[in-house]
Novice: 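To start, I am sharing the structure in question, which I have written as structure tokens.
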Amino acid sequence: MNPSASSRSIFTQRLDRAVFVTYFLGAIVPLLALGFVVQRDVLPGMSDAPRAQAGMIGVVLGVGMLSLTAFFALRKLTRQAVQRMDADNDRLKEILAASQELSKSPHTRAVAESAAGCVLTVTGTQAAFVALRSAPEKPLTLMGSAGEGAQALYESNQDLLDELFGNAVESDRPVFLGDDDSRAGSKLRAAALPLRGEEGHWGAIAVLDTAGAGAFKPEEMDAIATLAALTSVAFSNADLKDAQRNFFSHVIDLIVTALDAHVDCRAGHSEAVARLSNRIGRELGLDDAQLQRLHFAALLHDIGMLKIDRAEHRMPGKNQKHTLVGQRMLSRIRLWSDLAPIVHHHHEWFDGSGYPEGLEGEAIPLESRIIAVADAVDAMMRNDTHRAALSLEEVLVELREGAGTQFDSQVVIAMAKLAERGEL
Ligand SMILES: [Fe+2]
């Protein structure tokens, strides 16, 4: 027995006991007292009238029977109420779980798929569908479905579902396949509810049953309406995340373009360092969150150069401050603040002789150690005003010579493995 069922059983037993105690104190005890008083004081006075005596006994027994019937009726009603409360409680738990799942969905299609699955779980209908439109004037498109054979069901009932979707969005209220609809005669039941966003309608969510389980119950419609409201919020959040991703991706593109134009001989350097860092990071088994952080830090590793005068770019005493400047720039941006320490230490040496703080070994963030290698590789492999580009073999020799002093050996080994497999 699961804990929930166990707690339900204890609750029902307690309620039963409460009903019995109430009945006992409120009906049985007064009835026994009445019987005692009648037997002691009333019946002896009626000894010369046996019919009246029998009548009095009958009245007392009748009241007793009525009381007993009331007790069983009360217990039945109580148990029905408890069952309804249990069902509502289970539905609330399912809706809460659905809400958590919806809030985790990272983008619009994931929300649509997740919403269809949640509606199916909560209502137990045969299939659920979510249709969306990208703009008010655009047509509704099926974006998510759930249920066994949902796709085939959609195709065989497409006209009906498209009509319900359209009507729900146009009327801004739930729509049903009515009993007077000739299609309802085939034991088909269906309903659609609009999904409302702040700036209009996203689309609609629909449920379909071909097994003819009768009209949707009010509690089923309440559950679908609640899920539709939660789904609408999830779509708004996913849309916001999409806008945020779009914003960051383009802002980074602008910064990288400005940076590569600001520093001589580095067209494409930031992108190249990011690509190489990503490959090394994967080779070293970094997880998705670390890889994402590494990617953005690699793209922005020299962002501090934007605040260094071009004339000072090749002056070691002057240009070294770009690490601290970059760290300060990024630490002010809350969403990028975790990139700040990586950027700050991308010129540290593994033996502690780098800058700006002379950190040593694993005290240097792993992402910084990876960027240090990727940065050096890209710099060595491109033509500079002072020297010609090195070949990959020559670069690997340089890296191996610097392993353990300038570079982290494990990063150099990962880099060499990528080169051996021809993955650079
Ligand atoms: Fe740098």
Side-chain angles (χ1 to χ4, degrees), residues 251-281 290 293-333 336-361 363-387 389-390 395 398-399 401-403 405-408 411-412 414-415:
V251 165
I252 285 182
D253 193 42
L254 288 173
I255 293 172
V256 166
T257 305
L259 181 59
D260 288 353
H262 183 66
V263 183
D264 290 337
C265 304
R266 63 174 282 150
H269 173 71
S270 305
E271 285 281 355
V273 172
R275 268 197 307 275
L276 189 52
S277 296
N278 185 278
R279 283 177 191 154
I280 298 172
Q290 287 175 305
R293 200 163 49 233
L294 175 63
H295 173 76
F296 288 124
L299 279 174
L300 301 171
H301 70 281
D302 274 342
I303 190 172
M305 291 297 271
L306 284 171
K307 288 198 174 182
I308 309 284
D309 195 276
R310 287 175 76 101
E312 296 178 346
H313 282 184
R314 292 194 179 273
M315 299 180 188
K318 302 280 187 181
N319 69 14
Q320 287 182 359
K321 65 184 176 190
H322 77 279
T323 51
L324 183 60
V325 173
Q327 184 268 339
R328 283 183 184 153
M329 288 165 82
L330 292 173
S331 61
R332 289 185 198 126
I333 303 168
W336 284 347
S337 58
D338 57 346
L339 309 183
I342 303 174
V343 166
H344 192 199
H345 297 295
H346 75 274
H347 282 294
E348 303 285 4
W349 280 32
F350 199 73
D351 63 2
S353 57
Y355 66 89
E357 293 191 350
L359 293 189
E360 194 177 336
I364 307 164
L366 175 59
E367 294 91 335
S368 305
R369 286 177 262 150
I370 293 172
I371 292 171
V373 169
D375 191 18
V377 169
D378 187 67
M380 287 188 275
M381 292 187 77
R382 63 175 58 226
N383 284 310
D384 199 326
T385 47
H386 303 289
R387 54 155 182 77
L390 301 186
V395 166
E398 294 281 334
L399 287 182
E401 279 179 12
T405 51
Q406 183 174 357
F407 306 116
D408 179 351
V411 180
V412 173
M415 171 73 198

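Below, each value reflects all heavy atoms present in this structure, side chains not excepted, and no hydrogens, waters or symmetry copies. Each ligand, and each atom within it, is numbered from 1 in the order the structure gives.
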Novice: Looking at A298, is its backbone amide N or carbonyl O close enough to the side chain of H301 to form a donor-acceptor pair, meaning the two atoms are under 3.5 Å apart?
Specialist: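 Looks like yes, one N/O pair under 3.5 Å.
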Novice: I need the H345 NE2 to R369 CZ distance, nearest 0.5 Å.
Specialist: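 Rounded to the nearest 0.5 Å, the NE2-CZ separation comes out at 11.5 Å.
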Novice: Which residues and atoms, counting only protein N, O or S, are under 2.8 Å from the Fe ion (ligand 1)?
Specialist: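 Atoms qualifying: D302 OD1, H322 NE2, H346 NE2, H347 NE2.
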Novice: Does the side chain of I371 reach to within under 4.5 Å of the side chain of V273, using non-hydrogen atoms?
Specialist: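 Sidechains of V273 and I371: in contact.
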Novice: Specify the closest pair of heavy atoms between E348 and G358, including all atoms of both residues, with the distance to one decimal.
Specialist: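 In terms of heavy atoms, the two residues are closest at OE1-N, 3.0 Å.
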Novice: So do V343 and W336 actually touch side chain to side chain, heavy atoms under 4.5 Å?
Specialist: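 W336 does not reach V343 side chain to side chain.
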Novice: Are any of the side-chain heavy atoms of I364 and H346 separated by less than 4.5 Å?
Specialist: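 With C-beta onward as the side chain, the pair stays apart.
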